[in-house]
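Numbered from 1 within each chain, the chains take letters A, B, ... in sequence-line order.
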Number of protein chains: 2
Amino acid sequence: MNAACHHEDGAHHGLHGQALRLALTAAETRCAASQERLTLPRRRVLELLLEAHGPLKAYDLIAAFGSGGEPAKPPTVYRALDFLERQGFAHRIESLNAYVPCRLDGRGHSAAFLICDCCGAAEEFEPDLGAGIAAAAARGYAVSAVTLEARGLCPVCQVG
Amino acid sequence: MNAACHHEDGAHHGLHGQALRLALTAAETRCAASQERLTLPRRRVLELLLEAHGPLKAYDLIAAFGSGGEPAKPPTVYRALDFLERQGFAHRIESLNAYVPCRLDGRGHSAAFLICDCCGAAEEFEPDLGAGIAAAAARGYAVSAVTLEARGLCPVCQVG
DNA sequence: ACACGCATGTTATATAGTAACATCAAGCGC
DNA sequence: GCGCTTGATGTTACTATATAACATGCGTGT
């Protein structure tokens, strides 16, 4: 987000009402299927991520956590984020120090993002890792996870 | 670097003596060619990165900055790192909050790394961005920079 | 000399993340 | 039910990472 940009933050509109409840229920279901528990703080953090219009910083989550404006303690949120990342419900965007809910439920555990430097939108996409994997294999590396983050301008911000 | 790992840190041996001087001179030359100045703090930070055996944290650089053990002030080092990144002399590895000198002098401004979770080595390679660029283009994004970080085990640590 | 632009020095503060330990709650063998 | 184990949470304190804001210095062109 640079100073010259006048566009809105975030590409996604955030979930509300029925759509939000559906997404949370789906997460509950997936947890139940894998013997994990979507406990209250975990569910609350996921809810905040799903409602948001774009990537959220950890301390945004901490501030917004309490229903009545009381912040959470940092470990509460960081633990919830760890859990959500382990289960594939959320991703950390390294180059922003921020978090987003996974928009590609379940399909693979490597995240890739297109990040708009102007409006802050972060769009997740399914990376084609063929070339990177080949490079790793050529050097004898056993790769367990890949993060790919492309910075640039989204269509809207190129026009404006 | 996990607790079970007994291997040495870093894949590179770090530059010393003549090789180090050559690398610094090359950087001076490239700066002169582009009307930039490799000033003392910038040169010192680059030197520390080149000497190192692996990725260095900003506060490692801050601590090591002074020739006699006196630390630098944080802005001194962060500003130097900004400069070195702008000029392509160094890269930040987002998933480590750490910095390395560029090992692929000048060839493009997109960094890609193979990072060993066991020994901490970070090997730079030339990414094949074809697929990512295509994905971006399909969504109308204008991409200016890409970071690709693959975590896993290097050949040595797979054996050990 | 003088002003301009850029780099640096300095102080203070903001932001991000974790260690360590106490407490709580669910499942399980008996 | 009882007590044990395991995993999650609550709480305090702290470490690590990074930047804002403003003063000072330094080279360059006129």
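- Heavy-atom minimum distance, R103(B) versus A52(B): NH2-O, 4.2 Å.
- With a 4.5 Å cut-off between side-chain heavy atoms of Ile, Leu, Val, Met, Phe, Trp and Tyr, the cluster of V100(A) takes in I93(A), L96(A), F113(A), I115(A).
- One finds a side-chain N or O of T76(A) lying less than 4.0 angstrom from the OP1 or OP2 phosphate oxygen of dG10(D).
- For the salt bridge (Lys or Arg N to Asp or Glu O under 4.0 Å) condition, the pairs that include at least one residue of residues 42-56 of chain A, sequence neighbours left out, are E28(A)-R43(A), R44(A)-E47(A).
- Closest approach of A142(B) to Q158(A), counting heavy atoms only: N-NE2, 3.3 Å.
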Legend entry - Nucleotide-resolved protein contact map, nucleotides 18-30 of chain D, B/S/- at heavy-atom distance under 4.0 Å: BBBB---------

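- Shown here are the side-chain contact (heavy atoms from CB on, under 4.5 Å) partners of T29(B), two or more places apart in sequence or in another chain: T25(B).
- Residue L38(B) is found in a hydrophobic cluster whose other members, listed by chain and number, are L15(B), L20(B), L24(B), V45(B), L46(B), L48(B), L49(B), L50(B), L56(B), Y59(B), L61(B), I62(B), F65(B), V77(B), Y78(B), L81(B), F83(B), L84(B), F89(B), Y99(B); membership requires side-chain heavy atoms under 4.5 Å apart, directly or through intermediates.
- Under the salt bridge (Lys or Arg N to Asp or Glu O under 4.0 Å) criterion, no residue pair touches residues 70-81 of chain B, with sequence neighbours excluded.
- Remark: R139(B) engages L114(A), E123(A), F125(A), A135(B), Y141(B) in a side-chain contact (heavy atoms from CB on, under 4.5 Å) (not counting sequence neighbours).
- Within the 4.5 Å cutoff, the side chain of C154(A) has no heavy atoms near those of the C118(A) side chain.
- For DNA chain D, runs of at least 3 consecutive pairs of the Watson-Crick or G-U wobble type, with both hydrogen-bonding distances under 3.5 angstrom, map to C:1-30 with D:1-30.
- Remark: E94(B) engages R92(B) in a salt bridge (charged side-chain N to carboxylate O under 4.0 Å, His left out) (not counting sequence neighbours).
- Between chain B and DNA chain C, the heavy-atom contact criterion of under 4.0 Å yields a 5' to 3' nucleotide range of dA7(C) to dT11(C).
- Side-chain contact between R151(B) and S95(B): present, with at least one pair of heavy atoms (C-beta onward) separated by less than 4.5 Å.
- In the region residues 60-73 of chain B, proximity to DNA chain D at under 4.0 angstrom, judged on heavy atoms, holds for none of the residues.
- Scanning for side-chain contact (heavy atoms from CB on, under 4.5 Å) contacts around S67(B) gives an empty result, with sequence neighbours left out.
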